[in-house]
Amino acid sequence: MKVLKACIVAFTFAISFHYAQASDHGVKQPRNPWSDGPEYITQWPIPPGSKFRQMLIFSNEEGTLWWHAHSEWDRAMVHGAIVVYPKLGTYSYPFPRPAAELTLVLGEWWKKNVELVYDQFISLGGEPIDSDAYTINGQPGDLYPCSDNDTFKLEVEYGKTYLLRMINSVMNEILFFAVTEHKLTVVGTDGSYTKPLTRDFITISPGLTYDCILEASLMVRDYQRV
């Protein structure tokens, strides 16, 4: 059994949280389900400026999961990764040890306030407006008026392998991810390991997580992520 303690602080709006695992949508949390989910169902929203402390009890999860806000569209802004490692002092991954690992959170960004986007499509019906950009770890790439006028970059060393812990935090879009002229090997999804599957690209649905091995198999130059 694995236990994670978390302390969430300092929000300016009422909020609740969900600990997500897309296959059955939720970390199992045996005998401990009462602080997980939409507000007013299993919990009150966390008031602005207050603190919230919760103990998560994992069962057999190992790999990449994530948490997100569970109030209206707040999860577009408030989310993060949960990484469950093998037992301390052991190496039980069912694949060779990578040179390094990195968490990639795929998200989206609007020029408008996300809460206004939500209020607009709820009041008018239909679909929400499209986001203005997709992001990797919060960065939308070149030419966007954001916190950094650059895109996310991963530096690798030729011949080594890298574990990419990928999370699709986008609201409603299925995303495709690839690294030019490289293959990705999926070795896990939603907190459990899988039979390795190697492909030119992966398709990742909202709320889903993948653990992928990337081998830096080509000579040094810049390779675009698409």
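Quick note: residue numbers are just sequence positions, from 1. It should be emphasised that the depicted structure is a prediction, and the values quoted were computed from it without experimental measurement.
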Please name the pair of heavy atoms, one in [X] and one in [Y], separated by the smallest distance, quoted to 0.1 Å.
X: Trp66; Y: Gly207; answer: NE1-O, 3.1 Å
X: Val170; Y: Glu108; answer: CG1-OE2, 3.1 Å
X: Ile202; Y: Val186; answer: CG2-CG2, 3.9 Å
X: Val84; Y: Glu61; answer: CG1-O, 3.4 Å
X: Ala69; Y: Arg75; answer: O-CB, 3.1 Å
X: Pro128; Y: Val117; answer: CB-CG1, 4.4 Å

* Only counting residues at least two apart or in another chain, list the ones meeting ring pair (Phe, Tyr, Trp, His ring centres under 6.0 Å) with Tyr134. => none
* Asked: Taking it one step at a time, do Ile213 and Leu184 satisfy side-chain contact (heavy atoms from CB on, under 4.5 Å)?
  -> CA-CA 6 Å; Ile213 297 293; Leu184 295 169; over 6 Å; no
Mark yes when over 12 heavy atoms from residues, nucleotides or ligands other than [X] sit less than 6.0 Å from its [atom1]; otherwise mark no.
X: Ile129; atom1: CD1; answer: yes
X: Phe201; atom1: CZ; answer: no
X: Asp130; atom1: CG; answer: no
X: Lys112; atom1: NZ; answer: yes

To the nearest 0.5 Å, tell me how far [X] [atom1] sits from [Y] [atom2].
X: Leu164; Y: Leu154; atom1: CG; atom2: CG; answer: 6.5 Å
X: Phe177; Y: Tyr210; atom1: CZ; atom2: OH; answer: 13.0 Å
X: Leu104; Y: Thr209; atom1: CG; atom2: OG1; answer: 12.0 Å
X: Lys153; Y: Gln139; atom1: NZ; atom2: CD; answer: 11.5 Å
X: Ser169; Y: Asn137; atom1: OG; atom2: CG; answer: 9.5 Å
X: Glu215; Y: Lys160; atom1: CD; atom2: NZ; answer: 13.0 Å

* Scan for side-chain hydrogen bond (donor to acceptor under 3.5 Å, both in side chains) pairs involving residues 195-207, sequence neighbours excluded, and state none if there are none. => Lys183-Asp200, Thr185-Thr198
* Asked: Under 4.5 Å between side-chain heavy atoms, hopping through other hydrophobics if needed: is there a path connecting Tyr93 to Leu197?
  -> no
Heavy atoms, side chains only, cut-off 4.5 Å: are [X] and [Y] in contact?
X: Asn172; Y: Glu127; value: no
X: Glu173; Y: Pro206; value: no
X: Met166; Y: Leu106; value: yes
X: Thr161; Y: Leu214; value: no
X: Leu208; Y: Thr189; value: yes
X: Trp73; Y: Met171; value: yes
X: Leu102; Y: Leu163; value: no

* Asked: Going by the angle between their ring planes, with limits at 30° and 60°, are Tyr193 and Phe95 parallel, tilted or perpendicular?
  -> perpendicular
* **side-chain contact (heavy atoms from CB on, under 4.5 Å) assessment of His182 paired with Leu218** => CA-CA 8 Å; His182 287 72; Leu218 297 181; 3.9 Å; yes
* **Check: Arg165/Thr103 side-chain N/O donor and acceptor closer than 3.5 Å** => no
* Asked: Going by atom types alone, do Glu157 and Tyr162 pair a side-chain donor with an acceptor below 3.5 Å?
  -> no
* To do: Tell me, with the steps shown, if Trp110 and Tyr118 meet ring-ring contact (aromatic ring centres under 6.0 Å, His included).
  => CA-CA 11 Å; Trp110 288 264; Tyr118 174 83; over 10 Å; no
* **Steps toward side-chain contact (heavy atoms from CB on, under 4.5 Å) verdict (Thr64, Ile167)** => CA-CA 8 Å; Thr64 307; Ile167 299 166; 4.0 Å; yes
* **side-chain contact (heavy atoms from CB on, under 4.5 Å) assessment of Asn168 paired with Val105** => CA-CA 6 Å; Asn168 184 358; Val105 180; over 6 Å; no
